[in-house]
Amino acid sequence: MSDAAEPTDETIHQELLHGVPVTRGGPGGQVVLHPSREQYLDVVRALRTDGYWQCIDVCAVDYLIHPGRSALPPGVTPERFEVVTQLLCHRPPARVRLRVQVPEADPTCPSLVGVHPGAETPEREAYDLFGVLFDGHPDLTRILMPDEWTGHPLRKDEAIGAIPVQFKGA
C-alpha cells in the first residue's frame with residue numbers, strides 16, 4: 001500500500017504549466033503559477049525559453065495577519081511569506097505571475113539574478129523590507145533602510161508607529 005494520498009477530482013483536473021499548478025486571477029484572468037521554492041528557478045528558465053524575457057517585478061508579501069488571502073490551488077500549503085514575480089512576454093503579448101510560498105522558519109528563496117539580471121534591485125528591496133533572503137544574490141545588502149537598522153519594517157509583526165519621523169524645519 002502506498003503512502004501517497006489518493007488524487008481527488010480537483011487535483012486530477014488541475015491545470016499545470018511546466019509541472020506546477022496554475023490558477024487565473026486579476027485583470028483578464030492572468031495566468032498565475034504556484035511553484036515551490038525548489039521548482040522556482042527551473043520554471044522561470046522554462047518561461048524564459050517560452051518568450052518571457054522581461055522580469056517586471058519581484059516583491060514579497062507578509063500574510064501574518066491577512067485572513068482573506070487569495071486562494072491557492074490544492075496541494076500548495078500557505079506560508080507566512082510569499083515571493084511574487086511578474087514576467088512579461090512581448091510576442092505575443094502576455095504576462096504571467098508566480099507566487100512562491102516561503103515559510104517563516106526559513107525565509108529563503110532562490111535568486112533570479114542569474115536568469116533575469118534586472119531582478120537584483122527588487123530582490124534587495126524584498127530582503128530589506130521583509131527579510132526574505134535570496135540564495136545566490138550577488139549583493140544582498142540593504143537598499144532602502146540604513147545599514148544600522150534592526151529588523152524589516154514591512155513585516156506585520158514590526159511595531160506600528162514606532163518609527164520616529166523627522167520633518168523638515170522641525
Side-chain angles (χ1 to χ4, degrees), residues 5 7-104 106-138 140 143-144 152-156:
T8 64
D9 286 343
E10 205 171 37
T11 58
I12 290 171
H13 301 292
Q14 185 173 25
E15 183 180 357
L16 299 175
L17 179 62
H18 296 298
V20 301
V22 175
T23 58
R24 298 194 183 267
Q30 181 183 27
V31 173
V32 182
L33 303 180
H34 300 269
S36 66
R37 292 186 294 174
E38 295 75 23
Q39 297 169 313
Y40 183 49
L41 273 179
D42 290 336
V43 170
V44 169
R45 286 184 188 115
L47 288 167
R48 187 170 175 89
T49 301
D50 291 348
Y52 288 88
W53 281 82
Q54 186 174 3
C55 179
I56 298 171
D57 193 22
V58 177
C59 63
V61 181
D62 183 354
Y63 283 106
L64 178 66
I65 57 172
H66 192 289
R69 80 187 301 166
S70 300
L72 296 172
V76 176
T77 305
E79 297 288 352
R80 175 177 174 180
F81 297 106
E82 187 172 88
V83 170
V84 181
T85 304
Q86 296 273 351
L87 301 177
L88 182 66
C89 177
H90 292 277
R91 291 193 184 147
R95 289 178 185 251
V96 66
R97 182 180 332 137
L98 292 89
R99 293 176 57 192
V100 181
Q101 301 303 304
V102 179
E104 179 178 12
D106 181 23
T108 61
C109 190
S111 174
L112 295 183
V113 173
V115 180
H116 291 286
E120 191 262 342
T121 300
E123 286 181 354
R124 284 180 64 193
E125 288 178 4
Y127 159 70
D128 195 6
L129 299 175
F130 290 94
V132 175
L133 301 166
F134 290 89
D135 289 336
H137 193 284
L140 200 57
I143 190 168
L144 297 171
H152 305 281
L154 292 186
R155 282 191 171 195
K156 301 294 186 205

- Task: For the residue pair H152 and D62, confirm or rule out a side-chain donor-acceptor distance under 3.5 Å.
- Result: no
- Message: Can you tell me how far apart OG1 (T85) and CG (L47) are? Round to the nearest 0.5 Å.
- Response: 10.5 Å
- Task: Please confirm whether the backbone N or O of V115 pairs with a side-chain atom of R45, one donor and one acceptor, at under 3.5 Å?
- Result: no
- Report yes if the side chains of V32 and R99 come closer than 4.5 Å at any heavy-atom pair, otherwise no. yes
- Message: If I take atom NE2 from residue H90 and atom CD from residue Q54, how far apart are they, to the nearest 0.5 angstrom?
- Response: 4.0 Å
- Message: Please identify which of these residues, V58, L112, I56, meets the side chain to side chain contact (heavy atoms under 4.5 Å, CB included) condition with P122.
- Response: V58
- Item | Side-chain touch E104/R155, heavy atoms, less than 4.5 angstrom | no
- Value for NE2 (H18) from CG (L98), rounded to nearest 0.5 Å, stands at 10.0 Å
- Inter-residue atom distance L33.CG - L87.CG, 0.5 Å rounding: 8.5 Å
- Residue pair Q14 / P74: nearest heavy atoms and the distance that separates them: NE2-O, 3.5 Å
- Item | From S111 atom OG to H116 atom NE2, the distance as rounded to the nearest 0.5 Å | 11.0 Å
- Contact summary for D128 and L144, nearest pair of heavy atoms: OD2-N, 2.7 Å
- Any donor-acceptor pair under 3.5 Å linking the side chain of H34 with the backbone of V20? no
- Report yes if the side chains of F134 and V113 come closer than 4.5 Å at any heavy-atom pair, otherwise no. no
- Heavy-atom pair of closest approach, residues Q86 and R97: NE2-NE, 3.2 Å
- Message: I need the E123 CD to I143 CD1 distance, nearest 0.5 Å.
- Response: 11.0 Å
- Considering all heavy atoms, the nearest V22-V31 contact: CG1-CG1, 3.9 Å
- Please test D135 against R37 for side-chain contact (heavy atoms from CB on, under 4.5 Å), starting from the C-alpha separation and ending with a verdict. CA-CA 11 Å; D135 289 336; R37 292 186 294 174; over 6 Å; no
